[in-house]
Amino acid sequence: MAAVVLQGSLHPLKQQLGATTAVVNVIHHASFSSDIRPIKKPALSQMRKGAGGRSSFNGVVATIFGSTGFMGRYVTNELGKHGTQMILPYRGDNYEVGPLKLTGDLGQVLFHPFDLKDEDSIRRAVKYSNVVINLIGRDWETKNYKFEDVNVHGARRLARISREMGVEKFIHLSALNATPKPEPKMLWNGSGVLRSKYYGELAVREEFPDAVILRPALTYGMEDRWLMHHAGMFRSSGKAFPLYKKGLGITKMPVLVNDVAMAIYEAIKSTESAGRTYQLIGPHRYSLNDLMLWIMNEMRMKADEDFRVTDIRFDPIQITKVLLAELLPGTPINSLHREIMEMEATTDEVDYSLPTMIELGITPSPMEDNITWLLKPYKHRPYMTVEDGDFDKVIPPRPVD
């Protein structure tokens, strides 16, 4: 009887072994999720689309240069949550872009090494994309990259190669106060960043006439170089908080980084954005002096008791700290650099003949809704509560007309 059972089970066993062998062969020949597989039917109508979200595909394949920076992290997250497939070129360590894998579903976020001076690597990065976004910018010069190398020649190279590779839309991030002749404040020739940003716009327009240029104002947000710059202890000189002319006569229109990321996504969707220049500004204009007082008060620092605003032009200690920070290798400590101080001393000039983010359907977020929670980790005396009246309620400054 046992022989009969064994003989009767032999044929199913062969079938099972054959199926197992087939599965092993399939696994052996399977590719990895990070491998680039050319689409046999590239028409968008042939691709699977979802109802929205990170697991869907909205038909946009975007290469985002500068995705590892402050702005890039917000842009990749905004595009990823709408189902955009992203190719993220990186120049340094690949571990820097690893966290960005979470901005999209499996297979939606791909990484590619590149060098801004290597055209072949740029061509490979944009080969499969219909949208290219340039977020690369330089706020201080290094021995390898000057302002013109990044903000002008690099932008021109990206725009030219994108056009040659058949990219449908090129989005370039510039600066609000970009001008060929910046007014000198703390530097003899004015800001090299703003000058190079202006010529970078011209270079992009020459190579890609339908490019979308975005000019953000002073941008703030989590881990930014402005609020965090002022919250750092190295920014002050004891109780003295130095500003150019104490911040008087200088006005700013800060914009939230989330709004800038949304503007980039809306510029991709818009059919009317091609060839236009948008100014991304906040809803209110503030005096720089009032902004600094506001920031200090939000961090529970009291004027004349914990700090006092001074004029940096007459503060040799702060000037020495800035010069020493420039001599150190790597990123300037706490963003202490003459170029950064120069741009901080520049008033935001708005050309109201150009469209803003409102034309893209975005209502800019007021700073009053965000600054409190952004500065919460930097509050002084965090062990004290406000229930007992230890601190007065912080009142935002009145906007400048």
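Judged by the 6.0 Å distance and 45° axis criteria, R313 is positioned over the aromatic ring of Y244. The cationic atom of K117 (NZ for Lys, CZ for Arg) lies less than 6.0 Å from the six-membered ring centre of Y145 and within 45° of the ring axis.
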Salt bridge (charged side-chain N to carboxylate O under 4.0 Å, His left out) between K185 and E342, intermediate numbers included: CA-CA 6 Å; K185 302 291 185 180; E342 178 77 12; over 6 Å; no
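At least one donor-acceptor pair under 3.5 Å links the side chain of N58 to the backbone N or O of H82. No donor-acceptor pair closer than 3.5 Å links the side chain of D290 to the backbone N or O of Y286. A distance-only check finds no donor-acceptor pair linking the side chain of Q279 to the backbone of P216 [under 3.5 Å]. Within the 3.5 Å criterion, the main-chain N or O of L227 finds a donor-acceptor partner in the side chain of D224.
The local environment of CZ in R73 is crowded, with over 12 non-hydrogen atoms from other residues, nucleotides or ligands closer than 6.0 Å.
The heavy-atom pair separating A62 from T84 by the smallest distance is CB-CG2, 4.0 Å. Of all the heavy atoms in V212 and R205, the pair that sits closest is N-NH1, 4.5 Å. Nearest heavy-atom pair across P377 and L374 is CD-O, 3.5 Å. Scanning both residues, P89 and S67, for their nearest heavy atoms gives O-OG, 4.1 Å.
Here H112 and Y90 keep their ring centres 6.0 angstrom or further from each other.
Between E298 and K376, none of the side-chain N atoms (NZ, or NE/NH1/NH2) sits under 4.0 Å from a carboxylate O, so this pair counts as no salt bridge. A salt bridge does not link K197 with E201: every distance from a Lys NZ or Arg NE/NH1/NH2 to an Asp or Glu carboxylate oxygen is 4.0 Å or more. Looking at D149 and R138, no side-chain N of the basic residue comes within less than 4.0 Å of a carboxylate O on the acidic one, giving no salt bridge. Electrostatic pairing of E344 and K252 does not count as a salt bridge here, judged by no charged N lying under 4.0 Å from a carboxylate O.
Taking OG1 of T179 as the start and CD of E349 as the end, the distance is 9.5 Å to the nearest 0.5 Å.
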